[in-house]
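Here the structure comes first, spelled out in structure tokens, and everything after it is commentary.
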Amino acid sequence: QVQLVESGGGLVQAGGSLRLSCAASRSINTMGWYRQAPGKQRELVARQTLRIGTIYADSVKGRFTISRDNAKNTVYLQMNSLKPEDTAVYYCWAEYGIEYWGQGTQVTVSP
């Protein structure tokens with residue numbers, strides 16, 4: 001089993017920045033971030049895979065950056081130029097035979 005622990009969410013003004021962290025209980029090649037806003041379906045934000053590389057949602061391209069520290073089994077999501085529509089619960093995601101999810105961290109962007 002794999003455990004994922006997110007941190008770094010909070011309240012920020014539009015145009016500001018946040019960095020989310022996700023620490024995994026073991027090394028995993030395929031990891032990423034999803035988000036879910038109230039009344040919306042969960043959507044891909046960014047993910048890294050060994051074969052296809054890095055994928056970003058069109059809505060966050062140029063503003064968000066996914067990175068990782070393999071020594072710490074940790075993936076990050078740097079979020080810049082935040083918009084109110086970025087407000088959502090952000091979930092860490094990993095695939096290691098099956099899919100795993102973190103418990104989520106709230107990101108709220110005020111106008």
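Taking CD of Q48 as the start and CD1 of I28 as the end, the distance is 13.0 Å to the nearest 0.5 Å. A distance of 5.0 Å separates CD in E43 from OG in S59, rounded to the nearest 0.5 Å. To the nearest 0.5 Å, atoms CZ (R19) and OG (S7) are separated by 9.0 Å.
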>> Determine whether L20 and W33 satisfy the following criterion, side-chain contact (heavy atoms from CB on, under 4.5 Å), listing intermediate values before the conclusion.
In response: CA-CA 9 Å; L20 307 183; W33 294 90; 3.6 Å; yes

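With a 4.5 Å cut-off on side-chain heavy atoms, V75 and I66 count as touching. Contact of the Q36 side chain with the Q41 side chain is not registered, since no non-hydrogen atoms from C-beta on lie closer than 4.5 Å. Between Y56 and T65, the closest side-chain pair of non-hydrogen atoms falls below 4.5 Å. Considering only heavy atoms from C-beta on, R68 comes within 4.5 Å of M31 through its side chain. Between L77 and Y90, some side-chain heavy-atom pair lies under the 4.5 Å cut-off. For the pair S17 and Q78, the minimum side-chain heavy-atom distance is below 4.5 Å.
Here L11 is tied to no hydrophobic group at all, with no ILVMFWY side chain closer than 4.5 Å.
Remark: R35 fails to qualify as a cation-pi partner of Y91 under the 6.0 Å distance and 45° angle criteria applied to the six-membered ring.
When atom types are taken as modelled, the side chain of T30 and the backbone of A94 share no donor-acceptor pair closer than 3.5 angstrom. With hydrogens and angles ignored, the 3.5 Å screen pairs a side-chain donor or acceptor of E6 with a backbone N or O of C92. Here the side chain of R47 pairs no donor or acceptor atom with the backbone of I55 at under 3.5 angstrom.
Two rings, from Y34 and W93, have their centers less than 6.0 Å apart.
Cluster membership check: V89 does not share its hydrophobic cluster with Y100, using side-chain heavy-atom separations under 4.5 Å among Ile, Leu, Val, Met, Phe, Trp and Tyr. Residue V2 is grouped with residue I98 when hydrophobic side chains (ILVMFWY) are merged at heavy-atom distances under 4.5 angstrom, including chains of intermediate members. V107 and L44 are members of different hydrophobic clusters when ILVMFWY side chains are connected at heavy-atom separations under 4.5 Å. When the side chains of ILVMFWY residues are joined at heavy-atom separations under 4.5 Å, either directly or via intervening members, F64 and V12 end up in a single hydrophobic cluster.
Taking all atoms of both residues into account, the shortest heavy-atom contact from G8 to L18 is O-CD2, 3.9 Å. A pairwise comparison of heavy atoms in A88 and A37 identifies CB-N, 3.8 Å as the closest pair. L4 approaches C22 most closely through the heavy-atom pair CB-SG, 3.9 Å. Between P111 and A14, the shortest heavy-atom distance links the atoms C-CB, 4.2 Å.
For CD of Q13, the number of neighbouring non-hydrogen atoms (other residues, nucleotides, ligands) closer than 6.0 Å is 12 at most.
Using a 3.5 Å distance cut-off with no hydrogens or angles, the side chains of D69 and T74 do not pair a donor with an acceptor. Remark: the Q106 side chain and the T108 side chain contain an N/O donor-acceptor pair separated by less than 3.5 Å.
Using a cut-off of 4.0 Å between Lys/Arg side-chain N and Asp/Glu carboxylate O, D86 and K83 are scored as not salt-bridged.
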